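What follows is a set of notes on a single structure, which appears directly below.
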Amino acid sequence: MGRLSSVLLQGIGVLVLALIALSVVGTIVGIALSLVVAVLSMIVSLAVLSLFVLAIVGLFSVFSGDSAAGDDARPPQRSDDRTAPEDRVRSRYVDGELDDDEFERELERVLEPDEGRGRTDFDRSSSRRPSNDRHRLRDH
């Protein structure tokens with residue numbers, strides 16, 4: 001019986017060592033998985049939070065844009081490169097933003113040759129309207 005008991009004790013010792021090794025490996029895997037889940041949870045939380053912030057900013061801009069449009073009867077005039085400068089001056093004159101003297105000064109300023117843009121051969125006489133034509137524009 002002495003030999004059988006020693007084999008039995010060795011078998012139990014090996015079994016205990018295997019259980020200890022498996023529990024250590026299981027603990028390490030559990031810690032690694034919990035770290036992965038924590039990182040994924042943080043990423044998802046930040047994504048949801050950023051979508052929430054974007055939604056609030058979007059709603060704020062929509063509501064503030066509507067109130068700004070209600071305050072101003074006309075939209076602000078933008079400088080449009082496709083419109084000729086003399087046409088912009090004429091439209092300001094027709095809208096009543098410029099009086100006769102201001103209109104003439106602005107039109108002369110716009111029609112002066114501009115060396116930076118290469119408009120030195122501009123014909124002023126074809127672009128200027130006679131004064132009676134300006135009054136007719138203003139009445140419309």
Side-chain angles (χ1 to χ4, degrees):
M1 261 207 2
R3 193 173 168 114
L4 184 60
S5 66
S6 73
V7 170
L8 195 58
L9 283 175
Q10 284 179 349
I12 291 175
V14 168
L15 186 60
V16 168
L17 283 176
L19 287 175
I20 290 173
L22 283 175
S23 67
V24 168
V25 169
T27 303
I28 291 172
V29 168
I31 290 171
L33 286 178
S34 68
L35 287 175
V36 168
V37 168
V39 167
L40 287 176
S41 173
M42 190 177 351
I43 290 171
V44 169
S45 296
L46 288 175
V48 169
L49 181 65
S50 65
L51 288 175
F52 184 70
V53 168
L54 284 174
I56 288 176
V57 168
L59 286 174
F60 180 74
S61 68
V62 165
F63 287 127
S64 67
D66 288 344
S67 66
D71 292 342
D72 198 12
R74 282 188 342 192
Q77 289 185 346
R78 295 185 324 178
S79 174
D80 193 354
D81 290 340
R82 293 174 291 166
T83 306
E86 54 269 10
D87 290 339
R88 287 192 299 257
V89 171
R90 285 189 187 106
S91 80
R92 288 179 61 201
Y93 177 71
V94 169
D95 289 343
E97 294 178 16
L98 302 173
D99 63 11
D100 292 339
D101 295 331
E102 290 172 331
F103 173 73
E104 288 179 15
R105 280 194 303 268
E106 285 292 315
L107 195 59
E108 286 176 8
R109 182 186 61 81
V110 166
L111 294 178
E112 284 181 1
D114 189 2
E115 290 80 19
R117 295 185 189 170
R119 293 177 57 183
T120 55
D121 57 343
F122 195 130
D123 183 15
R124 286 191 196 181
S125 62
S126 64
S127 295
R128 280 188 97 162
R129 297 185 185 274
S131 79
N132 61 356
D133 201 18
R134 275 187 268 126
H135 291 293
R136 188 175 33 153
L137 276 175
R138 192 175 207 174
D139 292 337
H140 284 95

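All values derive from a computational prediction rather than experimental measurement. Both backbone and side-chain heavy atoms feed into the values below; hydrogens, waters and symmetry mates do not.
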Does Val29 sit in a hydrophobic cluster with other residues, and if so which ones, taking ILVMFWY side chains as linked at heavy-atom separations under 4.5 Å, directly or through other members?
-> Val25, Leu33

Looking at Leu98 and Tyr93, what are the two nearest heavy atoms and their distance?
-> O-CD1, 3.4 Å

Under the 3.5 angstrom rule, does the side chain of Ser23 hit a backbone N or O of Leu19 as a donor-acceptor pair?
-> yes

Mind listing the closest non-hydrogen atom pair of Glu86 and Leu107 along with its distance?
-> CB-CD1, 3.9 Å

Students should find that the hydrophobic cluster of Ile31, defined by side-chain heavy atoms under 4.5 Å apart, otherwise consists of Leu35

Rounded to the nearest 0.5 Å, the CG atom of Leu46 sits from the CG atom of Leu51 at a distance of 11.0 Å

Heavy-atom donor-acceptor pair, Glu102 side chain to Asp99 backbone, under 3.5 Å = yes

Decide yes or no on salt bridge (charged side-chain N to carboxylate O under 4.0 Å, His left out) for Glu106 and Arg109, but give the supporting numbers first.
-> CA-CA 5 Å; Glu106 285 292 315; Arg109 182 186 61 81; 2.8 Å; yes

Compare every heavy atom of Ser64 with every heavy atom of Ser61, then report the nearest pair and how far apart it is.
-> O-OG, 3.3 Å

Apart from Val36 itself, what residues make up its hydrophobic cluster, given side-chain heavy atom links below 4.5 Å?
-> Leu40

Mind checking the CG-CG spacing from Leu17 to Leu22? Nearest 0.5 Å is all I need.
-> 11.0 Å

